[in-house]
Participant: 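Dropping the structure in here first, questions after.
Remember, it's 1-based here, ligands and their atoms both numbered in the order they're listed.
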Amino acid sequence: MQQYRIAILGSGNIGTDLLVKAMRSPHLTCVAFIGRGYTSPGMNKARALGITCSDQSIDYIPEHADEIDLVFDATSAKDHALHAPILKALGKQVIDLTPAKVGPMCVPAVNLDSSLGSSNLNMVTCGGQASIPVAFAIGQTHPEVDYLEVVSSIASKSAGPATRINLDEYIETTEKGLQAFSGAKRTKAILNLNPAVPCIDMQTTIFANVKNPDIEALKRVLDPIVEKIKTYVPGYKILVGPILDGDRIVVMVKVRGRGDYLPEYAGNLDIINCAAIAMAEQFAMNGGN
Ligand SMILES: NC(=O)c1ccc[n+]([C@@H]2O[C@H](COP(=O)([O-])OP(=O)(O)OC[C@H]3O[C@@H](n4cnc5c(N)ncnc54)[C@H](OP(=O)(O)O)[C@@H]3O)[C@@H](O)[C@H]2O)c1
C-alpha cells in the first residue's frame with residue numbers, strides 16, 4: 001500500500017506524542033515535524049528520530065505542499081483558526097487536535113464513517129474523546145437528558161502551555177460536543193489540572209440527570225462502544241458504572257497511555273491522539289478521501 005504522507009504542526013506534548021504514534025503506523029509516513037523554534041524537547045526528539053524538522057511554522061507547508069497529504073494541527077485554537085484557511089486553499093486534509101472547532105467534531109467510536117467526508121476534522125478535546133461515547137450511549141437510551149456534567153482530571157505535567165491558554169476553548173468545545181452527541185438540554189465540562197507527584201492517571205467522570213434511568217439498556221449500547229474505543233485506545237477502561245446515584249447516572253472512566261512521549265499517566269494524550277491516528281489511517285486506507 002502507498003504510504004500516506006503526514007505533517008505535524010506543533011512540537012509540544014500533543015505533537016510529539018502524535019509523532020511517535022504516527023511512526024508506529026503501517027499506513028502513515030511523517031514527512032515533516034514543524035514548530036516555531038528548534039530548541040523544544042519535541043524538536044530534539046523528532047531530530048533524534050531522524051524526522052525532517054522545520055521552525056517555519058505554517059509557512060513550511062505551502063512550500064512543500066506536493067509532499068504532504070494530511071496535516072495534524074497540534075498548536076493552539078487561535079493558531080489553528082489562522083492555519084485552517086491556508087490549508088483549505090492548498091486542498092490538504094486536516095485533523096485538528098486543538099479545540100478550535102473549525103471543522104465538524106469527530107469521535108471515531110461514534111461517527112467515524114460520517115467524518116470521512118470532511119476536509120477539516122476537529123477531534124474535540126481529551127475530556128470530550130473520553131466522555132462523548134458515554135454521553136452518546138446515554139442519549140441513545142434516554143430520550144430526555146436534562147443535564148450532563150463531565151469532570152476530567154489530568155496530570156499538570158501533561159498540560160503544555162497551549163493547553164493552558166486553551167482552557168476556555170476546552171470548556172466550550174467539550175460542552176458543545178456533549179450536547180451535540182447526546183441531545184442533553186444542558187451540559188457542563190470541568191477540567192482539573194492535578195499537580196500531584198507521582199502524576200495521576202487521566203480520569204473522567206460523567207454524571208447524567210435523565211428521566212426514567214435505564215441502566216440495563218444503557219449497558220447494552222455502551223459495552224460495544226467501549227470495545228470499539230479499545231481497538232484504538234487500548235488503555236481506555238470503565239472504572240465504575242454505569243450506576244445510579246440517587247436518580248443520577250454515573251460512569252467513571254480511566255485512560256492509561258502507552259507512554260509514547262510522556263509516561264503512561266498521560267492518557268489524555270493517547271485518548272485524542274489515538275483517535276486522530278485512527279482517522280488518518282482511515283483516510284490512508286480510502287486512498288486519501
Ligand atoms: N495536553 C493535552 O492533554 C491535550 C489534549 C487534547 C488536546 N490538546 C490541545 O492540543 C494543543 C497543544 O497542546 P499541548 O499540551 O501539546 O501544548 P504545548 O506543549 O504548548 O504544544 C504546543 C506546541 O505548538 C507550538 N506552536 C504554537 N503555535 C505555533 C505555530 N503558530 N506554529 C508552529 N508551532 C506552534 C508551540 O511551540 P513553542 O514550543 O515554540 O511554544 C508548542 O511546541 C492545544 O490546543 C490543546 O488544547 C491538549
Participant: Ignoring hydrogens and geometry, is there a side-chain-to-backbone donor-acceptor pair from Asn111 to Cys106 under 3.5 Å?
Facilitator: no
Participant: Against His80, only a single residue in Thr98, Thr75, Asn166, Asp73 fulfils side-chain hydrogen bond (donor to acceptor under 3.5 Å, both in side chains); can you say which?
Facilitator: Asp73
Participant: What residue and atom, counting heavy atoms only, is the protein's closest point to atom 9 (C) of ligand 1, and at what distance?
Facilitator: Leu97 O, 3.4 Å
Participant: Ignoring hydrogens, just give me the one of Ala77, Ala74, Gly160 whose non-hydrogen atom is nearest atom 22 (C) of ligand 1.
Facilitator: Ala74
Participant: State whether the shortest distance between N or O atoms of Pro161 and N or O atoms of ligand 1 falls below 3.5 angstrom.
Facilitator: yes
Participant: With a 4.5 Å limit on heavy-atom distance, are the side chains of Lys188 and Tyr147 in contact?
Facilitator: yes
Participant: Under 6.0 Å from the NZ atom of Lys78, do we count more than 12 heavy atoms belonging to anything else shown?
Facilitator: no
Participant: Hey, is ligand 1 close enough to Ile14 that some N/O pair sits below 3.5 Å?
Facilitator: yes
Participant: How far is atom 39 (O) of ligand 1 from its nearest protein heavy atom, and which residue and atom name does that atom have?
Facilitator: Ser40 CB, 4.1 Å
Participant: Does some side-chain heavy atom of Lys45 sit less than 4.5 Å from a side-chain heavy atom of Phe33?
Facilitator: no
Participant: Suppose we measure from atom 13 (O) of ligand 1 to each protein heavy atom; which comes out shortest, and what is that distance?
Facilitator: Thr163 OG1, 3.1 Å
Participant: State, yes or no, whether a side-chain contact exists between Ser118 and Met105 at a heavy-atom distance under 4.5 Å.
Facilitator: no
Participant: Please list, in number order, the atoms of ligand 1 under 4.0 Å from a heavy atom of Pro99.
Facilitator: 45 (O), 47 (O)
Participant: Under 4.5 Å between any side-chain heavy atoms of Pro133 and Phe181, yes or no?
Facilitator: no
Participant: Ignoring angles and geometry beyond distance, decide whether Ala162 reaches within less than 3.5 Å of ligand 1 through its nitrogen or oxygen atoms.
Facilitator: yes
Participant: Can you sort out which atoms of ligand 1 are near Leu269, meaning under 4.0 Å from one of its heavy atoms?
Facilitator: 1 (N), 2 (C), 3 (O)
Participant: Shared ILVMFWY cluster between Ile8 and Ile95, side chains joined below 4.5 angstrom?
Facilitator: yes
Participant: Using heavy-atom distances, let me know which of Ser76, Ala275, Ala266, Ser57 sits nearest atom 30 (C) of ligand 1.
Facilitator: Ser57
Participant: Under a 4.0 Å heavy-atom limit, does His83 contact ligand 1 with its side chain, its backbone, both, or neither?
Facilitator: side chain
Participant: For atom 3 (O) of ligand 1, state which one of Asn268, Thr75, Ile271 supplies the nearest heavy atom.
Facilitator: Asn268
Participant: If hydrophobic clusters are built from ILVMFWY residues whose side chains come within less than 4.5 Å, do Phe207 and Val145 share one?
Facilitator: no
Participant: Which of the atoms of ligand 1 are close to Thr98, meaning less than 4.0 Å from one of its heavy atoms?
Facilitator: 45 (O)
Participant: Is there a continuous path of hydrophobic side-chain contacts, each under 4.5 Å between heavy atoms, that joins Leu218 to Val240?
Facilitator: no
Participant: Taking the side chain as every heavy atom from C-beta outward, state whether Lys92 and Pro62 have any pair of such atoms under 4.5 Å apart.
Facilitator: no
Participant: What protein heavy atom sits nearest atom 19 (O) of ligand 1, and how far off is it?
Facilitator: Asn13 N, 3.1 Å
Participant: Looking at Gly35, which atoms of ligand 1 are within less than 4.0 Å of one of its heavy atoms?
Facilitator: 33 (C), 34 (N)
Participant: What protein heavy atom sits nearest atom 31 (N) of ligand 1, and how far away is it?
Facilitator: Asp79 OD1, 3.1 Å
Participant: Look at atom 6 (C) of ligand 1 and find which of Asp59, Leu167, Ile272 reaches it with the closest heavy atom.
Facilitator: Ile272
Participant: Under a single-linkage definition using a 4.5 Å side-chain heavy-atom cutoff for Ile, Leu, Val, Met, Phe, Trp and Tyr, are Ile272 and Tyr232 assigned to the same hydrophobic cluster?
Facilitator: no
Participant: Side chain or backbone, does Gly12 bring an N or O within less than 3.5 Å of an N or O on ligand 1?
Facilitator: yes
Participant: Look at Glu172 together with Lys176 and state whether they make a salt bridge at an N to O cut-off of under 4.0 Å.
Facilitator: yes
Participant: Considering non-hydrogen atoms of the protein only, which is the closest contact for atom 40 (O) of ligand 1, and what is the distance?
Facilitator: Arg36 NE, 3.0 Å
Participant: Among all protein non-hydrogen atoms, which one is nearest to atom 24 (O) of ligand 1, and what is the separation to 0.1 Å?
Facilitator: Gly10 CA, 3.5 Å
Participant: Ligand 1 and Asn166, any nitrogen or oxygen pair closer than 3.5 angstrom?
Facilitator: yes
